[in-house]
Trainee: 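Below are the structure tokens for one structure; questions will follow.
All values derive from a computational prediction rather than experimental measurement. What you see below is based on every heavy atom in this structure, not just the backbone, and it leaves out hydrogens, waters and symmetry mates.
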Amino acid sequence: MAKTAEKTIRLDIDSRSLEGDDGATLGQLMRAQYPEGFERGVAAKLNGRVVDFHTPIHESGRVDLLSLDSPEGLQVLRHSTAHLMASAVVKLFPEAKLAIGPAIEEGFYYDFQVDRPFQPEDLEKIEKLMHEIAEENHPFVRGEMKRTDAIREFREKHDTFKLELAEGIPDDTVSTYTHSFFTDLCRGPHVPRTRVLKSFKLLSVAGAYWRGDSNRPMLQRIYGTAFASKDRLKEHLARIEEAKKRDHRKLGHDLDLFSVHEEAGGGLIFWHPHGAAMRRVIEDFWKDEHLRRGYQLVNTPHIAQVDLWEQSGHTGFYRQNMYFMNVDEKEYVLKPMNCPFHILIFKRRKSSYRDLPIRIAELGTVYRLEKSGVLHGLARVRGFTQDDAHLFCTGEQVETELVQVLDFTRYMLDTFGFTHYQVDLSVRDASRKQDYMGSDEDWALAEGALERVVKSAGLSYHVAVGEAVFYGPKIDIKLTDAIGRSWQCSTIQFDFNLPRRFDVKYVGSDGQEHQVYMIHRALLGSMERFFATLIEHYGGDFPVWLAPVQVRLITIAGAQASYAEEIRQLLLDRGIRVEADLREEKINAKIRDAELLKIPYMLVLGKREVEERTVSVRTHHKQSQDVMKLREFVEKVVAESKVRS
């Protein structure tokens with residue numbers, strides 16, 4: 001019988017065509033036919049899928065080489081560095097059991113089970129050994145074995161975490177990667193050799209439950225980062241140090257803005273006078289702008305009977321994040337969202353198409369049962385205030401409403417000093433229509449309207465297929481702060497679920513009832529998280545219009561106290577937030593205290609200022625003082641507050 005010819009693979013790469021047998025690795029083909037490309041890349045995309053040079057190729061197609069500094073190349077680099085770290089750990093701590101070690105945004109981590117927690121000096125030793133292993137320039141070698149063999153091997157070694165991972169793999173074979181003495185269960189991809197791994201740094205260690213389950217073993221998670229060059233690593237480490245200085249938890253304490261008290265409960269925020277003053281400025285601006293744009297402001301209860309949440313579907317999909325209580329032998333829920341409440345207000349009377357759109361907005365406080373391990377200052381809490389709104393409109397009004405919402409969002413963010421955004425357009429996966437509410441017509445209208453609105457606004461965006469929530473498509477806007485970090489902020493979402501569950505309709509021009517189109521939107525997200533973003537964006541140096549205290553009066557001696565009180569009252573009457581420091585303290589100490597609180601203006605008052613009815617104005621961060629007429633200074637601060645600059 002004639003031998004069947006082996007399948008030939010053809011790959012197009014950099015205007016070249018490579019050929020080889022089915023099952024050859026990309027590295028083998030490139031070393032033989034395109035060695036300069038092999039030296040230049042660290043991994044590749046085959047028909048859009050990231051592969052490394054070690055993986056057998058079973059399909060023809062287009063190959064695009066990836067450099068270390070490309071987004072995909074960095075992922076490969078960081079995952080390989082996680083393996084390098086794991087090899088150093090098992091060399092130094094032979095008893096360590098390995099869990100998982102993925103690449104993450106801006107770095108990597110690996111989880112270990114060890115006899116004692118890692119210490120800072122351990123990280124130094126691990127990092128030193130990593131460099132030594134990397135310099136030995138070991139190749140990453142891919143291997144395959146039967147899944148049953150892998151399971152037997154892990155069971156014999158009592159390697160419980162790898163055993164569980166292997167048991168969860170559906171394929172008959174599993175892949176491993178080896179460098180030097182170290183072999184790990186892994187899908188890849190990886191860089192060709194360890195010497196590619198040069199610019200990395202171990203950052204911290206933290207506890208982490210296996211698979212995020214508090215009922216499973218607690219592991220030690222070592223975080224690190226890696227970059228394509230030492231300069232990029234240095235820049236990143238400098239940014240980390242700057243982020244530490246801007247940490248809203250630290251500045252919240254230093255500037256006396258807010259606190260969390262464990263005796264009251266984690267994730268519950270206490271707003272101090274300075275923080276509450278700043279929050280009031282934000283909320284007043286928010287309310288004024290909503291009224292100006294035709295929104296109706298409401299206030300709704302903090303609790304409701306469980307029946308309402310069963311009708312909305314929250315008890316079925318969100319129960320683990322909800323607080324329940326019994327009142328008068330009935331079950332109540334602390335509201336996790338405002339949506340059902342706004343629907344009840346809309347439905348209080350029958351609406352005609354002439355009444356629409358109706359825009360209902362609320363700064364509504366909601367409560368969500370977050371795990372203690374994820375609580376993080378203001379950014380992740382259990383009680384927070386959403387800047388929430390729900391728009392009820394006809395299908396014909398949808399696009400106009402979306403245009404206005406996006407314009408409103410950009411206006412708000414620009415006013416607070418955010419001009420760079422990342423926009424994600426989350427749409428459904430059409431191959432899984434059964435997983436989503438709503439008809440094809442609903443989704444076509446909603447997704448088309450969202451995309452046209454983003455395009456017309458001139459915003460670049462990423463289409464995230466399959467990232468829509470089950471009840472509708474959405475736009476998520478992530479703002480970029482002063483040091484280049486992204487923060488999830490605004491969201492605009494369609495909802496095909498609640499209008500049907502609550503039978504939300506309007507009377508059309510034909511006299512018949514029609515289903516309302518309902519749009520959720522939050523411009524700032526939540527007051528707490530947005531406040532954290534503002535603190536870190538400005539590093540606590542807020543613009544005058546936002547500053548909790550805009551002016552501090554500093555007297556040189558007790559003789560100026562009455563003049564200080566006169567100025568204080570004048571500023572208060574003009575809406576300026578002012579404090580007076582009348583302590584019997586040295587002037588330099590008073591100025592230092594005001595500087596530490598990052599107060600924009602300090603008015604130093606001495607004998608001459610009283611006699612001449614002037615003020616010596618000292619601006620935050622500036623040592624020089626300008627003498628101004630009192631009325632002139634007052635008008636200056638009032639003007640700055642009004643223009644929100």
Trainee: Do Arg380 and Glu528 sit within salt-bridge range, that is, some charged N less than 4.0 Å from a carboxylate O?
Mentor: no
Trainee: Is the closest side-chain heavy-atom distance between Leu268 and Arg382 below 4.5 Å?
Mentor: yes
Trainee: Do the side chains of Glu565 and Arg568 get close enough for a salt bridge, i.e. N-O under 4.0 angstrom?
Mentor: yes
Trainee: Taking side-chain contact (heavy atoms from CB on, under 4.5 Å) as the criterion, tell me which of Val604, Leu603, Val615 meets it with Leu553.
Mentor: Leu603
Trainee: Kindly compute the distance separating CG (Leu570) from CG (Leu630), expressed to the nearest 0.5 Å.
Mentor: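 Result: 5.5 Å between the selected atoms.
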Trainee: So for atom NE2, which belongs to His420, do other residues, nucleotides or ligands contribute more than 12 heavy atoms lying within a distance under 6.0 Å?
Mentor: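 Not buried by this count: 12 neighbours or fewer within 6.0 Å.
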Trainee: Considering all heavy atoms of both residues, which atom of Val516 and which atom of Pro499 are nearest to each other, and what is their separation?
Mentor: O-CB, 3.9 Å
Trainee: How about Met518 and Phe346: do any of their side-chain heavy atoms sit closer than 4.5 Å?
Mentor: no
Trainee: Check the pair Arg359, Gln404 against side-chain hydrogen bond (donor to acceptor under 3.5 Å, both in side chains), reporting the backbone distance first and the verdict last.
Mentor: CA-CA 12 Å; Arg359 310 178 187 103; Gln404 293 179 1; 3.3 Å; yes
Trainee: Count the heavy atoms belonging to other residues, nucleotides or ligands that lie under 6.0 Å from CZ of Arg292, then report whether that count exceeds 12.
Mentor: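 Yes.
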Trainee: Considering only heavy atoms from C-beta outward, does the side chain of Lys335 approach that of Phe341 to under 4.5 Å?
Mentor: yes
Trainee: Using 30° and 60° as the class boundaries, would you call the ring planes of His520 and Tyr471 parallel, tilted or perpendicular?
Mentor: tilted
Trainee: Taking only Lys NZ, Arg NE, NH1 and NH2, and the carboxylate oxygens of Asp or Glu, determine whether Arg239 and Glu242 approach each other closer than 4.0 Å.
Mentor: no
Trainee: Answer yes or no: is there a donor N or O on one side and an acceptor on the other, between the side chain of Arg618 and the main chain of Ile591, under 3.5 Å?
Mentor: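 Looks like no, no N/O pair under 3.5 Å.
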Trainee: Look at the rings of Tyr517 and Phe496 and say which category their plane angle falls in: under 30° parallel, 30 to 60° tilted, over 60° perpendicular.
Mentor: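 Taking Phe496 first and then Tyr517, their aromatic rings stand perpendicular (interplane angle over 60°).
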Trainee: Do His462 and Asp424 get their side chains close enough for a donor-acceptor pair, meaning under 3.5 Å?
Mentor: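 Not at all, the side chains of His462 and Asp424 share no donor-acceptor pair under 3.5 Å.
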Trainee: Take the angle between the ring planes of Phe258 and Trp271 and call it parallel below 30°, perpendicular above 60°, tilted in between.
Mentor: tilted
Trainee: With respect to Asp593, which candidate in Arg583, Lys598, Arg552 satisfies the salt bridge (charged side-chain N to carboxylate O under 4.0 Å, His left out) definition?
Mentor: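 Answer after filtering Arg583, Lys598, Arg552: Arg583.
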Trainee: Any side-chain heavy-atom pair from Glu396 and Tyr353 closer than 4.5 angstrom?
Mentor: no
Trainee: Lys244 and Glu241: salt bridge (charged side-chain N to carboxylate O under 4.0 Å, His left out), yes or no, with the steps?
Mentor: CA-CA 5 Å; Lys244 290 179 182 178; Glu241 289 305 309; 3.2 Å; yes
Trainee: Under a 4.0 Å N-O cut-off, is there an ion pair linking Glu640 with Lys636?
Mentor: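 Looking at Glu640 and Lys636, the cut-off is met.
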Trainee: Assess the pair Tyr421 and Trp487: is the distance between their ring centroids shorter than 6.0 Å?
Mentor: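 Centroid distance Tyr421-Trp487: not below 6.0 Å, so no.
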Trainee: Quick check on Arg348: does its CZ atom have over 12 non-hydrogen neighbours (other residues, nucleotides or ligands) under 6.0 Å away?
Mentor: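 Yes, CZ of Arg348 has more than 12 neighbouring heavy atoms, counting only those of other groups under 6.0 Å.
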Trainee: Do you see a donor-acceptor pair shorter than 3.5 Å between the side chains of Thr365 and Thr385?
Mentor: yes
Trainee: Check the side chains of Thr300 and Glu362 for a donor-acceptor pair under 3.5 angstrom, ignoring hydrogens and angles.
Mentor: yes
Trainee: Would you check if Pro548 and Leu257 make a side-chain contact, meaning some heavy-atom pair closer than 4.5 Å?
Mentor: yes
Trainee: Could you please spell out the steps behind the side-chain contact (heavy atoms from CB on, under 4.5 Å) verdict for Ser259 and His253?
Mentor: CA-CA 7 Å; Ser259 59; His253 174 270; over 6 Å; no
Trainee: Does the ring centre of Tyr601 sit less than 6.0 Å away from the ring centre of Phe633?
Mentor: yes
Trainee: Under 3.5 Å, which donor-acceptor pairs link side chains of residues 223-233 to any protein atom two or more places apart or in another chain?
Mentor:
from: Tyr223; atom 1: OH; to: Arg221; atom 2: NH1; distance (Å): 3.4
from: Thr225; atom 1: OG1; to: Glu106; atom 2: O; distance (Å): 2.6
from: Ser229; atom 1: OG; to: Arg232; atom 2: N; distance (Å): 3.2

Trainee: So does Lys629 pair up with Glu612, basic N to acidic O under 4.0 Å?
Mentor: no
Trainee: Between Phe531 and Phe384 (judged by ring centroids, cut-off 6.0 Å), do the two rings come close enough to count as a pair?
Mentor: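 That pair fails the under 6.0 Å test.
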Trainee: Under 4.0 Å between a Lys/Arg side-chain N and an Asp/Glu carboxylate O for Glu289 and Arg293?
Mentor: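 Arg293 and Glu289: salt-bridged.
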Trainee: Give a yes or no on this: more than 12 heavy atoms of other residues, nucleotides or ligands lie within 6.0 Å of atom NZ of Lys201.
Mentor: no
Trainee: Looking at residues at least two apart in the chain, or sitting in another chain, which of them share a side-chain hydrogen bond (donor to acceptor under 3.5 Å, both in side chains) with Asp476?
Mentor: Lys474, Thr491
Trainee: Do Gln488 and Ile477 make a side-chain contact, defined as non-hydrogen atoms from C-beta onward lying under 4.5 Å apart?
Mentor: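 When only atoms from C-beta onward are counted, Ile477 and Gln488 do not touch, as no gap falls below 4.5 Å.
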Trainee: Angle class for the His261/Phe270 ring planes (parallel below 30°, perpendicular above 60°, tilted otherwise)?
Mentor: perpendicular
Trainee: Evaluate Tyr506 against Phe392 for ring-ring contact (aromatic ring centres under 6.0 Å, His included), listing each step before the verdict.
Mentor: CA-CA 9 Å; Tyr506 69 95; Phe392 301 88; over 10 Å; no
Trainee: May I ask you to test the Val333-Ile303 pair for a side-chain heavy-atom distance under 4.5 Å?
Mentor: no
Trainee: Determine the interplanar angle of the Tyr411 and Phe285 rings, folded into 0 to 90°, and report it as parallel if under 30°, tilted if 30 to 60°, perpendicular if over 60°.
Mentor: tilted
Trainee: Name the orientation class of the two ring planes belonging to Trp309 and His314 (parallel below 30°, tilted from 30 to 60°, perpendicular beyond 60°).
Mentor: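 Plane angle over 60°, so perpendicular.
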Trainee: Side chains of Tyr323 and Arg368: does their closest heavy-atom pair fall under 4.5 Å?
Mentor: no
Trainee: Flag the pair Arg521 and Glu401 as a salt bridge only when some basic side-chain nitrogen lies within less than 4.0 angstrom of an acidic carboxylate oxygen.
Mentor: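 Salt bridge between Arg521 and Glu401, a charged N being under 4.0 Å from a carboxylate O: no.
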Trainee: Would you call Glu611 and Arg608 a salt bridge, using N to O less than 4.0 angstrom?
Mentor: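 Here Glu611 does not pair with Arg608 in a salt bridge, since their nearest N and O are not under 4.0 Å apart.
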Trainee: With the threshold set at 4.0 Å, does a side-chain nitrogen-carboxylate oxygen contact exist between Asp414 and Arg410?
Mentor: no
Trainee: Once ring pair (Phe, Tyr, Trp, His ring centres under 6.0 Å) is applied, what residue pairs with a partner in residues 557-579 remain, sequence neighbours excluded?
Mentor: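 Residue pairs with at least one partner in residues 557-579: there are none.
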